[in-house]
Amino acid sequence: MGKRGTARRRGGVAFVVATAALAMPVIAAAPAHAEELPPVTHQGSVTIESYPSTKDLDVEKFHDEGGALELTEVTVKATLAGELEGAVRNLSSSRDKTLTGAFDAKIVVNGIGVTDLTAQDADQAVWNLAPGASAPIALSADNAVSTTITDPTVLDDFVGPAGSMLTYEVHSEVHVDIEGPAPYKTTGVAGGEATVEISYTYTDICAENPDDPICAEPECVDVTVDIPPQVGSYPLVGGGTFTITAVHDTPDGPTFDWTSDVPVHEVDVKGGPVHLPYLYDPPVMADSGLHAAVNPNNPNGQWYGLSHIDVCADEKPPPDCEEDPDQVGCGEPTCETDPSLCEPPFECVDVTKDIAPAVGAYPLVGGGTFEITKIYDTPGGQVFDWTSDVMVHEVYIKGGPEHLQWASDLPAMSGTGFHAPLNKDLWYGLSHIDVCAEPLEEEPVPLVPEGEDQGEDQGEAAGEPGPAPEQGSQAQETPEAKVEQPAAVLKEPEPEPEPEPEPEPEPEPEPKEPKNEEPPPAPDPEPAPAPQPDPEPGAPADATTGGE
């Protein structure tokens with residue numbers, strides 16, 4: 001279950017996302033040993049007491065990135081830094097005195113690769129003191145010894161996962177000797193520090209031989225990019241969850257630990273201008289101590305700070321409902337199991353910006369109210385609770401130079417414990433808040449109920465064909481007329497009288513009456529233009545001519 005990562009192997013090339021796959025190019029390497037890699041150095045230390053003591057100290061192992069880095073040489077150095085500080089005083093009131101002081105210290109180191117690695121040193125001084133005079137004591141014992149190891153069988157003991165330790169036993173002894181004619185008095189304390197430093201010299205296999213099988217990089221299909229280096233759970237493209245469980249500050253720079261509910265093939269850590277990929281073959285579901293690449297401009301060889309993280313992981317497999325029918329995704333289809341049943345995703349259009357982090361109610365752009373109900377201090381920093389009368393989908397919290405998009409527990413109409421981004425071990429203070437919420441739904445305007453007005457309109461509309469059914473005894477046919485007449489009233493008003501020849505005797509007397517009334521129409525033709533306006537009334541004129 002190897003893990004490997006090196007920014008050089010990727011040549012500082014960032015992830016390139018294609019339509020359906022992540023391209024992870026292998027950069028062609030220069031000839032072997034064309035670029036000398038700086039050694040990686042780790043160390044540990046313990047204090048030296050004024051009496052003989054034996055203590056253990058830990059030094060971090062070499063992390064070979066899953067075999068991509070080959071350890072070629074190890075140097076173990078033991079450093080002694082002893083000191084004696086105090087004062088000496090001539091207690092005689094009449095005689096000068098000459099006093100001598102000697103101080104020596106020694107450390108002996110045992111552990112992986114070393115046996116009785118000893119660093120020892122001594123110092124002395126002479127004091128000529130007048131009666132009652134005193135002088136300071138400042139003696140030191142400084143020395144360093146080292147040994148180099150190249151035996152491959154021993155080098156293997158120095159290799160381990162990131163954060164794993166080697167333990168060394170350090171025995172220290174201090175001796176102080178002041179001589180001279182009495183009486184005199186000395187005061188002071190002897191002590192110091194013992195340090196074990198290990199330098200790892202290595203080669204990058206993939207830089208020297210890109211075709212080595214260990215350098216093969218997976219073709220990632222489901223890649224989640226720009227995960228912030230903050231404690232929290234983040235959804236993956238393929239349906240799983242990537243959780244950063246801890247972020248640590250170390251002497252070499254920040255590191256983080258993670259877990260996942262799906263197998264992870266690669267974690268790419270961005271820091272400075274380069275990416276440092278950690279490749280897992282076979283894939284794993286947890287790891288610790290991941291960090292960015294080494295900053296070559298840092299005099300102490302520290303890593304870059306963490307910028308963001310990209311993850312290549314497997315898709316989350318569908319549930320096995322036969323084995324466990326009660327698990328999520330089994331049974332009747334739901335919006336989660338069948339996205340076609342879901343409403344389309346909400347798109348943030350109405351965003352209310354720069355809400356002050358103070359208790360109070362604030363109007364939202366789309367209507368509605370966002371109310372901060374409480375602000376309080378916790379061991380992690382300042383947090384706030386809120387409620388809203390509309391559904392809130394996104395909350396962006398500004399603190400320090402960064403925004404934190406609150407991803408969990410939304411959408412909702414209330415929330416508790418919301419805070420700003422992480423600043424090392426504590427959250428930043430609250431600066432301002434942006435809220436994306438659904439618009440306030442207006443109450444629907446009631447429709448005008450169907451009443452007498454509409455009935456009267458319909459009656460008026462039906463009044464025109466009304467006279468037709470009143471003629472004769474065909475009242476039963478009027479329902480058909482109401483259905484068919486609206487289109488025929490204008491074009492076929494006369495077909496109805498045509499099938500009724502019986503009413504013709506009745507118009508016979510009518511022409512007799514108009515014969516007596518012929519004198520009135522006689523003057524009408526004299527004004528020739530009069531017949532032209534008469535057709536405008538339509539029905540009366542047509543009725544008389546139609547009768548004839």
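On a predicted model such as this, the values are computed, not experimentally measured, just so you know.
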**Fill in**
Residue pairs passing the salt bridge (Lys or Arg N to Asp or Glu O under 4.0 Å) test with at least one member in residues 72-81, sequence neighbours excluded, are Lys77-Glu197
**Item:** Close side-chain approach of Val264 and Pro283, heavy atoms under 4.5 Å
**Value:** no
**Request:** To the nearest 0.5 angstrom, please state how far the CD1 atom of Ile137 sits from the CG atom of Leu84.
**Result:** 5.5 Å
**Item:** CG on Leu166 to CD1 on Ile112, rounded to 0.5 Å
**Value:** 6.5 Å
**Request:** For residues 246-263, pull every pair meeting salt bridge (Lys or Arg N to Asp or Glu O under 4.0 Å), keeping only residues two or more places apart or in separate chains.
**Result:** Asp261-Lys316
**Prompt:** Is the side chain of Thr72 donor-acceptor paired with the backbone N or O of Thr201 at a distance under 3.5 Å, no angle test?
**Reply:** yes
**Item:** side chain to side chain contact (heavy atoms under 4.5 Å, CB included) involving Ala78 - partner list, sequence neighbours excluded
**Value:** Ile107, Val109, Leu117, Val145
**Closest non-hydrogen atom pair, Val247 against Pro229** = CG2-O, 3.7 Å
**Request:** Test side chain to side chain contact (heavy atoms under 4.5 Å, CB included) on Thr241 and Thr243 and set out the steps.
**Result:** CA-CA 6 Å; Thr241 300; Thr243 301; 3.9 Å; yes
**Asked** Do Val395 and Ile397 touch side chain to side chain, with heavy atoms closer than 4.5 Å?
**Response** yes
**Prompt:** Looking just at side-chain N and O atoms, do Ser146 and Thr75 make a donor-acceptor pair shorter than 3.5 Å?
**Reply:** no
**Asked** Quick one: OG1 on Thr167 to CG on Asp56, what's the gap to the nearest 0.5 Å?
**Response** 6.5 Å
**Message:** Pair Asp268, Leu276 - check side chain to side chain contact (heavy atoms under 4.5 Å, CB included), show working.
**Reply:** CA-CA 6 Å; Asp268 188 275; Leu276 180 63; over 6 Å; no
**Request:** Take Ser53 and Ser172 through the side-chain hydrogen bond (donor to acceptor under 3.5 Å, both in side chains) test and state the conclusion after the steps.
**Result:** CA-CA 5 Å; Ser53 65; Ser172 64; 3.1 Å; yes
**Prompt:** So, does Thr203 use its side chain to make a donor-acceptor pair with the main chain of Ile205 at under 3.5 Å?
**Reply:** no
**Prompt:** Distance only, no hydrogens: is a donor on one side chain within 3.5 Å (strictly under) of an acceptor on the other, for Tyr304 and Asn298?
**Reply:** no
**Prompt:** Taking the side chain as C-beta and beyond, is there a heavy-atom pair between Val237 and Val223 under 4.5 Å?
**Reply:** no
**Fill in**
Those residues at least two apart in sequence (or on a different chain) that pass salt bridge (Lys or Arg N to Asp or Glu O under 4.0 Å) with Glu49 are Lys55
**Request:** Work out which heavy atom in Tyr168 is nearest to a heavy atom in Val59; give both atom names and the distance.
**Result:** CD1-CG2, 4.4 Å
**Item:** Residue pairs fulfilling salt bridge (Lys or Arg N to Asp or Glu O under 4.0 Å) with at least one residue in residues 396-420, sequence neighbours excluded
**Value:** none
**Asked** So how far is it from Ser45 OG to Glu193 CD, rounded to the nearest 0.5 Å?
**Response** 4.0 Å
**Item:** Validation row: His291, Tyr278 side chains within 4.5 angstrom (heavy atoms)
**Value:** yes
**Message:** According to side-chain hydrogen bond (donor to acceptor under 3.5 Å, both in side chains), does anything in residues 360-382 pair up with another residue at least two apart or in another chain? List the pairs.
**Reply:** Tyr376-Asp385
**Asked** Are side-chain heavy atoms of Val76 and Val74 found at a separation under 4.5 Å?
**Response** yes
**Request:** Find out whether Asp434 and His403 are in side-chain contact, i.e. whether some heavy atom of one side chain is under 4.5 Å from a heavy atom of the other.
**Result:** yes
**Message:** Holding to side chain to side chain donor-acceptor pair (under 3.5 Å), I want the full list of residues that pass it with Thr195, two or more places apart in sequence or in another chain.
**Reply:** none
**Complete:** When rounded to the nearest 0.5 Å, the distance separating SG of Cys312 from CG of Leu279 is 9.0 Å
**Request:** Scan for ring-ring contact (aromatic ring centres under 6.0 Å, His included) pairs involving residues 227-250, sequence neighbours excluded, and state none if there are none.
**Result:** Phe242-Trp258
**Request:** Report the residues that fulfil ring pair (Phe, Tyr, Trp, His ring centres under 6.0 Å) with Tyr202, sequence neighbours left out, ordered by chain and then residue number.
**Result:** Phe62
**Fill in**
Smallest heavy-atom separation, Thr54 atom then Glu169 atom, equals CG2-CG, 3.5 Å
**Message:** I want to check something: taking the side chain as every heavy atom from C-beta on, are Val311 and Ile227 in contact at a cut-off of under 4.5 Å?
**Reply:** yes
**Prompt:** What pair of heavy atoms forms the shortest contact from Leu80 to Ala119, and how long is it?
**Reply:** CD2-O, 3.7 Å
**Message:** Suppose we screen for side chain to side chain donor-acceptor pair (under 3.5 Å). Which residues come up paired with Asp389, at least two apart in sequence or across chains?
**Reply:** none
**Message:** Quick check for you: to the nearest 0.5 Å, what is the distance between Leu71 atom CG and Asp64 atom CG?
**Reply:** 8.5 Å
**Any residue meeting side chain to side chain donor-acceptor pair (under 3.5 Å) with Thr187, in chain and number order, not counting sequence neighbours** = none
Could you pull out all donor-acceptor pairs under 3.5 Å where a side-chain atom in residues 410-433 meets a protein atom, sequence neighbours excluded?
from, atom 1, to, atom 2, distance (Å)
His419, ND1, Trp427, NE1, 3.4
His432, NE2, Asp354, OD1, 3.4

**Request:** Let me see the working for Thr245 and Phe256 under side chain to side chain contact (heavy atoms under 4.5 Å, CB included), right down to the final yes or no.
**Result:** CA-CA 8 Å; Thr245 57; Phe256 67 93; over 6 Å; no
**Item:** Distance-minimising heavy-atom pair for Asp157 and Lys61
**Value:** O-CE, 3.7 Å
**Prompt:** How far apart are the closest heavy atoms of Val174 and Ala190, and which atoms are they?
**Reply:** CG1-CB, 3.6 Å
**Item:** Side chain proximity check, Val392 to Trp386, heavy atoms < 4.5 angstrom
**Value:** yes
**N/O donor-acceptor pair under 3.5 Å between Gln302 side chain and Pro251 backbone** = yes
**Request:** Assess whether side chain to side chain contact (heavy atoms under 4.5 Å, CB included) is satisfied between Asp142 and Glu83, documenting all intermediate values.
**Result:** CA-CA 8 Å; Asp142 300 323; Glu83 60 183 6; over 6 Å; no
